[in-house]
Amino acid sequence: MDIKPFEKKVWLASPTMHGDELEYVKQAYETNWMSTVGENINEVERLAAKSAEVNYAVALSCCTAALHLCVKSAGERLYGKPAIGHGALEGKRVFCSDMTFDATLNPVVYEGGTPIFIDTEKDSWNMDPIALEKAFELYPDVKLVVSAELYGFTGRMDVIKEICEKHGALLIEDAAEAMGATLHGKQCGSFGDYSAVSYNGNKIITGSSGGCLLTNDIEVANKARKWSTQARENAPWYQHEEVGYNYRMSNVIAGVVRGQYPYLAEHISRKKAIYDRYCEGFKDLPVKMNPIIEDSVPNYWLSAMVIDREYMCRQVRDDSTALYVKEEGKTCPTEILEKLASYNAEGRPIWKPMHMQPMYRMHEFITRQGSGRAKTNAYIAGGVADVGADIFDRGLCLPSDINMTAEQQDVIIEIVRSCFK
Ligand SMILES: *Cc1c(COP(=O)(O)O)cnc(C)c1O
């Protein structure tokens, strides 16, 4: 193949700045609001709530912090206030997305809860509502579900919410990747009793870091704001009745986020153009791109693909390495990712499912068929038995950087195509 490596690396997803960000940062500097208070923070909260169509947003240092306060809030509402030194979910099981970033559910563990993983739906790559129903059959005592949207392509969050309501459970929606995406015309980040979005450096808009907790409940918002600023009571001195955190967003970071919000729609349309170009470039290859379910509009954050099983060459992965055996006309994510890297382009494997992670390997995992742990052990022994493991095996994220040119993307497409030779 007559292609030279890219001189400048083509990234998976890098920040895209526009200039307004710097003005708001400068404003913070010039007015000396160089702290966790200021106009930028107030504006981020207003913009985030408006954009997600919820009543309240609380600006925090990151989405993981937002998810922690969601989990803590839900835990206290469900089970009461824990004693000092104890988690709000101690000894409680929580149903969690399986194929996601571990930040989705680590906060459950911070609060002493035990994640039970729900398998992924083949048609949406998100939490499978049928597996979730199965989970409630097996564990009717569970009262909390944490569900994430994958790569900005929503699953059936409306159905998941209905199932939660039917079983008297609360829903936490991790919309870190899905800001601006909609399902049935409703914004991602507005489905959960508590939701969270992220402004991490590689998300659809960014503050370099940061996140917001989203809710329609003013008491939850006020509580989160209090907890995030060390849980001070209303008194002339530092008075404390409960444990606090230092989770508030900085007014400098908020300046960047504030400057980015007006560009959310533009970023989405540029991400969509990238996705559409891949669909066109791969239309005669035995691959499928991220699924778009009916009546949903993704934000197209990361374009990802899976290789049809018949076109997979042999690939094995342990906890840190991957090997494959090249076969004519066949390929695998490892070959494609290595090839992209050799041309100075960044791809990424699909999120390795949580039930396959060393730290969560002993946790319960529920598929449509019921308890899936036995089948998972079969996977470890070399078989593929559940949807998450299957997508992880055959899938990868493609370079989806807004700053990638159409010409560069055409080269990426050629590189991927060459792997099927
Ligand atoms: C990025 C991400 C997070 C964490 O966001 P931070 O702002 O970096 O803490 C959580 N969940 C998912 C699904 C993510 O992709």
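Remember, it's 1-based here, ligands and their atoms both numbered in the order they're listed.
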Colleague: Which of parallel (below 30°), tilted (30 to 60°) and perpendicular (above 60°) describes His18 and His267?
Modeller: tilted

Colleague: Just checking Phe117 against Tyr360, ring centres under 6.0 Å apart?
Modeller: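 Yes, the ring centres sit under 6.0 Å apart.
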
Colleague: Take Arg368 and Asp128 through the salt bridge (Lys or Arg N to Asp or Glu O under 4.0 Å) test and state the conclusion after the steps.
Modeller: CA-CA 8 Å; Arg368 284 187 176 197; Asp128 185 352; 2.6 Å; yes

Colleague: For the pair Lys9 and Glu346, find out whether any cationic side-chain nitrogen is under 4.0 Å from an anionic carboxylate oxygen.
Modeller: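 Result for this pair is no, no salt bridge flagged.
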
Colleague: Let me know which protein residues bring a heavy atom to under 4.0 Å of ligand 1; chain then number is fine for ordering.
Modeller: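 Under the 4.0 Å cut-off, ligand 1 touches Cys62, Cys63, Thr64, Thr100, Phe101, Ala103, Thr104, Asp174, Ala176, Glu177, Ser198, Asn200, Lys203, Gly210.
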
Colleague: Under 6.0 Å between ring centres: does that hold for Phe153 and Tyr275?
Modeller: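 Yes, ring centres under 6.0 Å apart.
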
Colleague: Does Glu21 come within less than 4.0 Å of Arg258, counting only side-chain N to carboxylate O?
Modeller: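 A salt bridge is absent here (no side-chain N lies under 4.0 Å from a carboxylate O).
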
